[in-house]
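Along the sequence shown, the residues carry numbers beginning at 1. Values below: every heavy atom of this structure, side chains too, minus hydrogens, waters and symmetry copies. In each ligand, atom 1 is the first atom listed, and ligand 1 is the first ligand listed.
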Amino acid sequence: MGDGDGGVGRRTFLAAMSGGGAVAGAGAAGAASAVGRDGPARRGGLLGLLGHEDEIRALIARMTVTEKLGQLQQLAWTGATGPGGSQTAAAEEAARKGELGSVLNIIGARNSNALQRIAVEESRLGIPLLFGLDVIHGFWTTFPIPLAQAASFDPEVARVDGEVSAKEARSHGTHWTFAPMMDVTHEPRWGRIAESCGEDPYLTAVFAAAKTRGYQGDDLSAPDRVAACAKHFVAYGGAEGGRDYNTVDVSESRLRNLYLPPFKAALDAGCATVMASFNTLSGIPAHANGHTLTEILKEDWEFEGLVVSDWNGVGELLPHGFAADGAEAGRIALNAGVDMEMVSTHLADHGAELLAAGRIKEDRLDDAVARVLRVKYALGLFAQPYVDESAVVEVPTAAARKAAREAAARSTVLLKNEGGVLPIAAGTAVAVVGPFADSRDMQGTWAGPGGEKFPPVSVLAGIRDAAGRGAKVTYGVGATERADLIVVVVGEGAKLSGEAASRSDLGLPGGQEGLIAAVAATGKPFVVVLLNGRPLTIGNWLESAPAVLEAWHPGIEGGNAIADVLYGKVNPGGKLPASFPRDVGQLPVHYNHENTGRPYDPASPGNTFITGYLDVDRTPQFPFGYGLSYTTFEIGTPRASVARIAAADLRRGETFEVEVPVRNTGDREGDEVVQLYLHDPVATLVQPVRRLRGFERVTLGVGERKTVRFTLGAADIGFWTNAVDGRFVVEPGKIELFAGASSAARERCGVVVE
Ligand code: BGC
C-alpha cells in the first residue's frame, strides 16, 4: 500500500491526476443542498455540539498522545456481533489509565457508574467515558422492527419509539444508541432490511429524522435523552446478491440520490454521530473512504460530531485487502475520517509510532479527539458523569406499552381481504393455528435487553383477550373443525433476519406453506397473519387465502395489536415500505427503477423484445406503498398551484403546492396514506419511473373528504449528477406528478420547469 492511500478523497485524487489545482465546482454540494427544503446542515447540529470549543481546546492541550489515542478507542464490555468478544478487563485497565474513550454493551446504572467512577476518579484527567449500546427498536419496551415502523408511513411512530427508548436506556447508563439505521435497500434477501425503512430514500429520510429527534430531543444532557448514530455510512444496503457485508459498486449519482439523502436528513435533525459501514464502495472500504467520510460528510455537510467505526471495521481493512497490517489499517481509517475505533485497537496500538513517522498528523488526531469530546460535552458528561441509580426505569411502563401497541397496530399492512373476512365479527368461533400462534418469537432482530426480560404478548393471548370471555377461541390444528374462522400465524423467527442473516429463498420456511394448504383444504374461511422481518414470496399460497395481514415482528405488545386489527378495533392503514417480489429470480424488483429502452408497452402486448423474464411477470406481487383498509378511499387528481415555474426561481428556494383530494368511500372510519410521486421524463441523467416526494397518513370518517397539500421545491425536482464534487441540478422540462394509494398511482398532473 503506497503513501497516498486512505484519506485521499476521490475529488482530491482526480485533481491530482489532472495536474492538481482547485477542483472545479467543489463546494457545490453545500450550495446545492442549501436549496433543499430542509436547508443546509446546521453547523454543529441542533444540539449545541459547538458550545464547548474553548474547554475542548484547553483539555486537548493537556493531553498526552497516548491519552488522545485513548479517546479514539471504544472497547466492548460484552461480546456481541463479531470477532473480538468481550474486553471487560482491558476496558477497566484502559479507563484507569485514561486511555479509553468509550465502551459499548455495558448495561445497568450500577455497572456503568462503577466503570465511570474509575475513569473519572482514577485517571489523570478524569475524562468521562461514553457508553454506547444498540437500542434499535426498544430497550425494555420492544417496539416493532424499523421496517414495520416504516410501514406505518407515520414518522410519529418512530419518534415515539426513540423517545421511549431513550428514556429507558439513559436511565440505565446508556448515553448513545447505534441507531437509527438508514440503509436504503432493494434487497429483501439482505437480512438487515429488517432494521431499515425499505427501498425508498424519501421515506427513509423522513423516518431517520423523526427517530433522531425522538432519541435526542433538543437537549442531549437531559436525563431521558441519548445521542443518535446515523448508520451505516454508506450504501451498505447495496450489498450484491443481498449477501451481508458484500461488495457495493455504485455511481456517484446513485450514491447521492439513493443512499445519502437519509443521512443528510438525520444530520439536519441534529444527529450527533455517524457509523461507517462494513462494505466497500466502488473498491474502497467505507472505513477508508475519504470521499464519503471527509469530503461529503465533514466538509460539504460540515458535520462536527464523531464518526465511529463499525465493530472491528478498522481491523477488517486487512481481509478487505486494503491494508497490509494493523498500523496501516489505523492510519488509513483515521486519515479517511474515522474518529473512533470500535473493538479493534489499531490506532491505540500504533498511533504513536504513526505520528512520530509523520504518517498521521497531529491536527487530524486533535480533530478526532475534539469530535469525541464534543459529544461528551453535549451529553453533559463533564458536569454529571453518573446516572441516578434511584431513578432507573425498571419495567416497560403502561404508557410505553400503550405506545408500542399503537405502533404495532399502525404498522400492520392488510394485503388481502376477500369477501370482508376481516374484521372478525364478535362471537365468531376462532381457531388459532400455526408455529407462531402461541410463540414469543415475535420481537425481531436487535430486540435489546427487554427482548428476553419482557416477552411479548402472543397472538393467541391477544386474540383470547380481544374475543372476550365466553368467546370460542381454540388453539391448534385439531381445533379447526369446530371453528367458523381460522387464523393461521406463520412467518420467520427473529434469527432469520438481521445482521448476517441473508436468505436465498424468501418463501415461508419449514412446512408452513403446507400448513396453509391444509387449512385451505378445510374449506373454512381463514386469515393468514405474517410475522416476518422482510418481504416474502407468498405467491404459492396467496390465491388460496381469503385474507392476509402483514404484521412484521411487532414487538412486546404484538399479540394485542394484531388482535386489535383482526377484531376491527383498529382499522389497518399501513403500506409496504418495500416491494414484495413474486419470485427471488426477479430481484431486484423495486418501484423506483429506470424505464429501460425497452419497457413493457401495453399498446403492443405481442412484442417480446422487452425487459422482463420469460417465466415470471415483471411486476412485484405487491408494490411499494401498497396496503388495504376495511374501508375504501378515492384519491382524486392532483392539482399543482402553478403550471410553469422557472428553474432559477426553484434554485432560489421558491416552492409550489400540489393538492390531492381524498375521500372515504366506504362504511367505516379508516386511514389512507396519500402518496405523491414525481417523474422527470427527459433529463440529462435517466430518472426513475417514480420517486416518492410526499406522503400523509390521514384518518377519515365515513364519507369524509380532505385535501392533502404537499409543498415541492428544487430538492424534489432536481437530482444529483455524477460529478464527484457533488452537483445538484434542476433542469428545464416537464415534470409529471402522480397521486394515489401506492407507487402504482395513476392520477396525474404536470408542471413545466422553464
Ligand atoms: C453492526 C452495527 C452495530 C455494531 C455494534 C455491528 O456488527 O453492524 O450495526 O451497531 O455491531 O453492536
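Which parts of ligand 1 touch Trp311 is read off a 4.0 Å heavy-atom cut-off, strictly below it: atoms 6 (C), 7 (O), 11 (O). Here is the list of ligand 1 atoms found below 4.0 Å of a heavy atom in His232: 2 (C), 8 (O), 9 (O). In the vicinity of Asp134, heavy-atom distances shorter than 4.0 Å reach the ligand 1 atoms 3 (C), 5 (C), 10 (O), 12 (O). Atoms of ligand 1 found under 4.0 Å from any heavy atom of Lys231 (numbered from 1 in listed order, with element): 2 (C), 3 (C), 9 (O), 10 (O). Less than 4.0 angstrom separates some heavy atom of Phe178 from each of these atoms of ligand 1: 10 (O).
Checked against a 3.5 angstrom limit, the closest N/O atoms of Glu195 and ligand 1 fall outside it.
The nearest non-hydrogen atom to atom 2 (C) of ligand 1, considering only Leu133, Asp310, Asn105, Asp244, comes from Asp310.
Using a 4.5 Å cut-off on side-chain heavy atoms (C-beta onward), His320 and Phe278 make no contact.
Taking a cutoff of 4.0 Å between a charged side-chain nitrogen and a carboxylate oxygen, Glu93 and Lys97 qualify as a salt bridge. Under a 4.0 Å N-O distance rule, the pair Asp154/Arg410 qualifies as a salt bridge. The pair Asp339-Arg364 meets the salt-bridge criterion, with a side-chain N (NZ, NE, NH1 or NH2) lying under 4.0 Å from an Asp/Glu carboxylate O. With salt bridges taken as basic N to acidic carboxylate O contacts below 4.0 Å, none links Lys298 and Glu304.
Within the structure, ligand 1 has Arg192 among the residues with a heavy atom less than 4.0 angstrom away. Residue contacts with ligand 1: Met275 is included, with a non-hydrogen atom under 4.0 Å away.
In the displayed structure, Arg440 atom CZ is contacted under 6.0 Å by more than 12 heavy atoms of other residues, nucleotides or ligands.
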Check residues 228-237 and write down every donor-acceptor pair under 3.5 Å in which the side-chain atom is one partner and the other belongs to a residue at least two apart or another chain.
{"from": "Lys231", "atom 1": "NZ", "to": "Asp134", "atom 2": "OD1", "distance (Å)": "3.4"}
{"from": "Lys231", "atom 1": "NZ", "to": "Phe178", "atom 2": "O", "distance (Å)": "2.8"}
{"from": "His232", "atom 1": "ND1", "to": "Asp183", "atom 2": "OD2", "distance (Å)": "2.8"}
{"from": "Tyr236", "atom 1": "OH", "to": "Arg192", "atom 2": "NH1", "distance (Å)": "3.1"}
{"from": "Tyr236", "atom 1": "OH", "to": "Asp244", "atom 2": "OD1", "distance (Å)": "2.8"}

